Amino acid sequence: MSEITPDYIINFLSDIQPNSHSFIQDLEKYAHEKEIPIISFEVKSLLEFLLSMHQPNTILEIGTAIGYSSILMSQYLPKEGKIITIDRYPYMIEQAKYNIHKAKLNSVITLLEGNAQDILPTLKPYFDLIFLDAAKGQYQTFLPHCLRLLRPGGLLIADNVLYKGMIAKARYDIPRRQRTIHKRLRSFLWDISHHPELQTSILPIGDGVALSYKKDPIDSNLI
Ligand code: SAH
Ligand code: MG
């Protein structure tokens, strides 16, 4: 059940989705059984659309889980395309390695193990696309790294930014223990919406997804 979009709309959209490749379907089934928070079908189709259009060669993903979104994105890369994906949770790392190997994608997807906070400063520009899908409370601290690592003309996509709709509620209407995330995520959304280098659109699909285009100075009208 989504807190953001009415169920009848989601059911309709879900019904008209084309079937995924059987390997992708198996991963979806596994993730749903184990309650692993992979991207929603709406975000899946949005990623497929954006990747087809944007044609990135290099992708950075923060938050691998079992490798579902990485494996999905790899299907839209050109031959020499590469994905670097980061996760810190040993259980997920083990599953992701297994799935990437099984999909014969070892030469395409590189899994970096550890906290993104430590790994991001060690990475070198540029990436054509960054997919941010990790701990929501940290998006704000990841943002300067994402901006440094993303090429002008690149795309930053952040998942789960509406936090089950909670982000739109007043601070006092949400449980105390979630207020820090609420505050940090709001500040992230504010920053990406007002950053002079970014053109951002926040979509209320899935659990909320933010799309930010890093303006290219060549495109002088945009600055
Ligand atoms: N992108 C995946 C789902 C990712 S779920 C998919 O759609 O298939 C979020 C993942 O982010 C979890 O596996 C969690 O371990 C990882 N994560 C959260 N915070 C992190 C951090 N600071 N550094 C590295 N990994 C992190
Ligand atoms: Mg997500």
Side-chain angles (χ1 to χ4, degrees), residues 2-5 10 20-21 23-48 50-51 56 59-76 83-100 102-103 105 108-123 127 129-146 149 155-167 180-181 184-185 188-189 202-211:
S2 163
E3 318 283 334
I4 299 174
T5 320
I10 294 182
S20 308
H21 184 280
F23 185 72
I24 298 278
Q25 270 185 37
D26 291 346
L27 292 178
E28 286 166 3
K29 197 162 166 260
Y30 180 87
H32 293 139
E33 275 166 18
K34 304 271 177 197
E35 296 186 11
I36 292 161
I38 60 166
I39 49 168
S40 64
F41 79 87
E42 300 101 307
V43 175
K44 170 183 183 257
S45 95
L46 180 67
L47 281 185
E48 292 174 316
L50 289 171
L51 265 75
I59 297 178
L60 171 65
E61 175 182 70
I62 309 168
T64 317
I66 61 169
Y68 172 76
S69 49
S70 267
I71 292 172
L72 178 81
M73 291 192 287
S74 74
Q75 305 306 300
Y76 293 84
I83 299 181
I84 289 180
T85 182
I86 306 173
D87 212 293
R88 63 176 172 190
Y89 184 21
Y91 169 80
M92 296 296 188
I93 291 168
E94 196 188 311
Q95 303 283 320
K97 278 184 175 167
Y98 174 82
N99 289 324
I100 292 165
K102 202 170 158 199
L105 288 167
V108 178
I109 303 173
T110 305
L111 174 56
L112 300 181
E113 304 172 27
N115 193 327
Q117 210 151 341
D118 304 323
I119 293 177
L120 288 174
T122 70
L123 297 177
F127 291 89
L129 186 146
I130 300 180
F131 182 47
L132 183 48
D133 192 16
K136 296 177 276 285
Q138 289 178 300
Y139 284 11
Q140 198 195 5
T141 48
F142 295 161
L143 183 58
H145 294 293
C146 291
L149 292 169
L155 277 183
L156 171 65
I157 306 172
D159 194 26
N160 307 101
V161 295
L162 293 178
Y163 194 25
K164 301 189 173 80
M166 231 182 275
I167 206 66
T180 306
I181 290 190
R184 289 183 180 168
L185 203 43
F188 171 76
L189 291 178
I202 302 166
L203 306 179
I205 62 164
D207 193 25
V209 55
L211 310 178

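Just the heavy atoms: all of them, side chains too, but no hydrogens, waters or symmetry mates, feed the values below. Remember, predicted model here, so these are calculated numbers, not experimental data. Numbering of ligands and ligand atoms starts at 1, following listing order.
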What distance do [X] atom [atom1] and [Y] atom [atom2] have between them, rounded to the nearest 0.5 Å?
X	Y	atom1	atom2	result
Glu94	Asp87	CD	CG	12.5 Å
Ile100	Ile93	CD1	CD1	10.5 Å
Lys102	Ile71	NZ	CD1	9.5 Å
Leu60	Leu120	CG	CG	6.5 Å

By number and element, which atoms of ligand 1 are closer than 4.0 Å to a non-hydrogen atom of [X]?
X	value
Asn115	21 (C), 22 (N), 23 (N)
Ile39	6 (C), 7 (O)
Tyr89	15 (O)
Pro37	3 (C), 5 (S)
Gly114	23 (N), 24 (C)
Glu61	1 (N)

Can Gln117 be said to touch ligand 1, with heavy atoms closer than 4.0 Å?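 Heavy atoms of Gln117 never come under 4.0 Å of ligand 1.
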With the threshold set at under 4.0 angstrom, would you say Ala31 reaches ligand 1 through any of its heavy atoms?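 The answer is no: ligand 1 sits nowhere under 4.0 Å from a heavy atom of Ala31.
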Nearest protein heavy-atom contact for [atom]: which residue, which atom, what distance?
atom	result
atom 23 (N) of ligand 1	Ala116 N, 2.8 Å
atom 9 (C) of ligand 1	Asp133 O, 3.2 Å
atom 10 (C) of ligand 1	Asp87 OD2, 3.5 Å
atom 11 (O) of ligand 1	Gly63 CA, 3.3 Å
atom 22 (N) of ligand 1	Gln138 OE1, 2.7 Å

Among Gln25, Glu28, Gln75, which residue satisfies the side chain to side chain donor-acceptor pair (under 3.5 Å) criterion with Ser20?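 Among the candidates, only Glu28 passes.
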Tyr91, OH: over 12 other non-hydrogen atoms inside 6.0 angstrom: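 Yes, enclosed.
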Would the number of heavy atoms belonging to other residues, nucleotides or ligands and lying under 6.0 Å from CZ of Phe23 be above 12?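 Counting other residues, nucleotides and ligands, CZ of Phe23 exceeds 12 neighbours.
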Mind checking whether Phe142 contacts ligand 1 via backbone (N, CA, C, O), side chain (CB onward), both or neither, at a 4.0 Å heavy-atom cut-off?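 Near ligand 1, Phe142 shows its side chain, while the N, CA, C and O stay back.
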Counting heavy atoms only, which part of Thr64 comes closer than 4.0 Å to ligand 1: side chain, backbone, both or neither?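 It is the backbone that gets close, since no side chain atom is under 4.0 Å.
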Does any non-hydrogen side-chain atom of [Y] lie less than 4.5 Å from one of [X]?
X	Y	answer
Thr110	Ile83	no
Gln117	Arg88	no
Tyr68	Asn99	no
Tyr30	Gln95	yes

Are side-chain N/O atoms of Glu61 and Ser70 paired as donor and acceptor at under 3.5 Å?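 A donor-acceptor contact under 3.5 Å links the two side chains.
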Are Ser69 and Lys44 linked by a side-chain donor-acceptor pair shorter than 3.5 Å?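 No, Lys44 and Ser69 have no side-chain donor paired with an acceptor closer than 3.5 Å.
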Under 3.5 Å: N/O of Gly67 near N/O of ligand 1: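 There is no such contact.
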With 2.8 Å as the limit, count the protein N, O or S atoms near the Mg ion (ligand 2).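 Step by step: take the Mg ion (ligand 2), keep protein N, O, S below 2.8 Å, and you get 3.
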Closest to atom 6 (C) of ligand 1 (judged by heavy-atom distance), picking from Ser69, Ala134, Ala135: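 When every heavy atom of Ser69, Ala134, Ala135 is considered, Ser69 comes closest to atom 6 (C) of ligand 1.
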Of the choices Arg88, Met73, Lys44, which has the non-hydrogen atom that lies closest to atom 21 (C) of ligand 1?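 Comparing heavy atoms across Arg88, Met73, Lys44, the nearest one to atom 21 (C) of ligand 1 lies in Arg88.
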Test applied, side chain to side chain contact (heavy atoms under 4.5 Å, CB included); reference residue, Ile39; option that passes from Asn160, Asp207, Asp133, Ile157: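 Running side chain to side chain contact (heavy atoms under 4.5 Å, CB included) over Asn160, Asp207, Asp133, Ile157 with Ile39 returns exactly one hit, Asp133.
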Run Glu42 and Ile10 through side-chain contact (heavy atoms from CB on, under 4.5 Å) and show every step you take. CA-CA 9 Å; Glu42 300 101 307; Ile10 294 182; 4.0 Å; yes
